[in-house]
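Contents: one structure, followed by commentary.
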Amino acid sequence: MAKKNRVFTSFAVEDASIRTMLVGQAKNEKSPFEFVDMSVKEPWDEKWKTNCRTKIKGCDGLIAIVSKNTAAADGALWEIRCALEEGIPVLGVYAQSTGRPTTLPPELTKVPVVDWTWSNIARFINSL
């Protein structure tokens with residue numbers, strides 16, 4: 001059986017339902033990719049950054065859900081910066097084909113940001 005990569009999903013709290021869809025797709029038997037979701041599912045206490053960094057360091061990659069909410073999502077932006085600092089591969093995935101942000105936050109300028117397609121996500125996961 002192939003190894004399931006551990007992937008941290010980073011998202012603005014307003015985009016939680018979109019993260020749920022991504023994780024659901026990974027469980028779909030027809031999906032060309034699968035992963036173990038390592039995202040933060042509940043708010044951390046005052047030590048959330050320490051806990052979150054430990055969780056991110058234990059992952060093979062990070063998928064950032066990119067939407068018009070991302071630029072104001074301090075937690076998600078911190079998670080992306082953390083992954084980059086730790087040398088964890090990062091992929092940005094647009095949450096929707098319309099209503100995309102006109103500019104990306106600095107954290108995403110050196111990160112590939114792609115359309116949400118199974119082949120794009122599979123290519124990233126298979127590269128980990």
Side-chain angles (χ1 to χ4, degrees):
M1 175 174 260
K3 170 189 167 208
K4 277 192 185 180
N5 289 301
R6 294 166 53 99
V7 176
F8 190 97
T9 50
S10 181
F11 57 95
V13 68
E14 297 86 354
D15 298 327
S17 62
I18 297 169
R19 183 210 58 95
T20 301
M21 286 191 305
L22 175 64
V23 173
Q25 285 184 357
K27 294 177 182 175
N28 182 325
E29 65 184 41
K30 294 181 181 179
S31 170
F33 62 89
E34 62 181 342
F35 60 86
V36 177
D37 177 34
M38 296 299 294
S39 62
V40 176
K41 295 168 185 72
E42 297 176 14
W44 293 113
D45 60 15
E46 66 279 354
K47 296 180 183 178
W48 81 269
K49 285 185 178 179
T50 301
N51 294 334
C52 193
R53 182 175 294 274
T54 299
K55 204 167 196 181
I56 289 170
K57 284 171 67 170
C59 289
D60 301 301
L62 180 143
I63 294 177
I65 295 173
V66 180
S67 75
K68 61 184 180 185
N69 301 313
T70 305
D74 292 338
L77 296 175
W78 183 89
E79 292 165 353
I80 295 164
R81 280 193 309 272
C82 176
L84 293 171
E85 290 167 4
E86 297 296 339
I88 304 298
V90 175
L91 175 71
V93 176
Y94 285 114
Q96 300 158 329
S97 59
T98 61
R100 293 179 177 175
T102 54
T103 59
L104 294 173
E107 291 81 357
L108 291 170
T109 56
K110 294 183 180 173
V111 169
V113 181
V114 299
D115 290 333
W116 182 327
T117 66
W118 281 8
S119 60
N120 283 339
I121 295 168
R123 189 176 306 110
F124 174 71
I125 296 210
N126 292 335
S127 75
L128 299 175

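For the single chain, residues carry numbers from 1 onward in sequence order.
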Distance col, row T54:OG1 vs K49:NZ, nearest 0.5 angstrom, shows 14.0 Å
Nearest heavy atoms of A73 and A12, plus distance in Å
CB-CB, 3.6 Å
Under the salt bridge (Lys or Arg N to Asp or Glu O under 4.0 Å) test, which residues partner E14, sequence neighbours left out?
none
Taking all non-hydrogen atoms of both residues into account, name the closest pair between P89 and D60 and its distance.
CD-O, 3.3 Å
Review item, side-chain donor-acceptor pairs of residues 119-128, under 3.5 Å, at least two apart:
{"unit_1": "S119", "atom_1": "OG", "unit_2": "T117", "atom_2": "OG1", "d": "3.3"}
{"unit_1": "N120", "atom_1": "OD1", "unit_2": "R123", "atom_2": "NH1", "d": "2.9"}
{"unit_1": "N120", "atom_1": "ND2", "unit_2": "D115", "atom_2": "O", "d": "3.0"}
{"unit_1": "N120", "atom_1": "ND2", "unit_2": "T117", "atom_2": "OG1", "d": "3.1"}
{"unit_1": "N126", "atom_1": "ND2", "unit_2": "A122", "atom_2": "O", "d": "3.1"}
{"unit_1": "S127", "atom_1": "OG", "unit_2": "F124", "atom_2": "O", "d": "2.6"}

Are L22 and V93 close enough that some pair of their side-chain heavy atoms sits under 4.5 Å apart?
no
Please say yes or no: joined through hydrophobic side-chain contacts below 4.5 Å, possibly via intermediate residues, are V13 and I65 part of one cluster?
no
dist T20:OG1 -> Q25:CD (nearest 0.5 Å) comes out at 11.5 Å
Interatomic spacing from NZ in K68 to CD in Q96 - rounded to 0.5 Å:
7.0 Å
Shortest non-hydrogen contact between L62 and I80, atoms and distance:
CD2-CG1, 4.2 Å
Can you see which heavy atom on L91 is nearest to which on P112, and at what distance?
CD1-O, 3.6 Å
CZ of F11 to CD of E79: how many Å apart, nearest 0.5 Å?
7.5 Å
Ignoring hydrogens, what is the shortest heavy-atom contact between C82 and I56? Give both atom names and the distance.
SG-CD1, 4.0 Å
So W78 and R53, do their side chains get closer than 4.5 Å, heavy atoms only?
yes
If you define the side chain from C-beta out and look only at heavy atoms, does anything of V111 sit under 4.5 Å from L104?
no
Pairwise distance CG(N5) to CD1(I63) - rounded to 0.5 angstrom:
9.5 Å
Side-chain heavy atoms of M21 within contact of I18, under 4.5 Å:
yes
For L77 and A71, which heavy atoms make the closest approach, and how far apart are they?
CD1-O, 3.4 Å
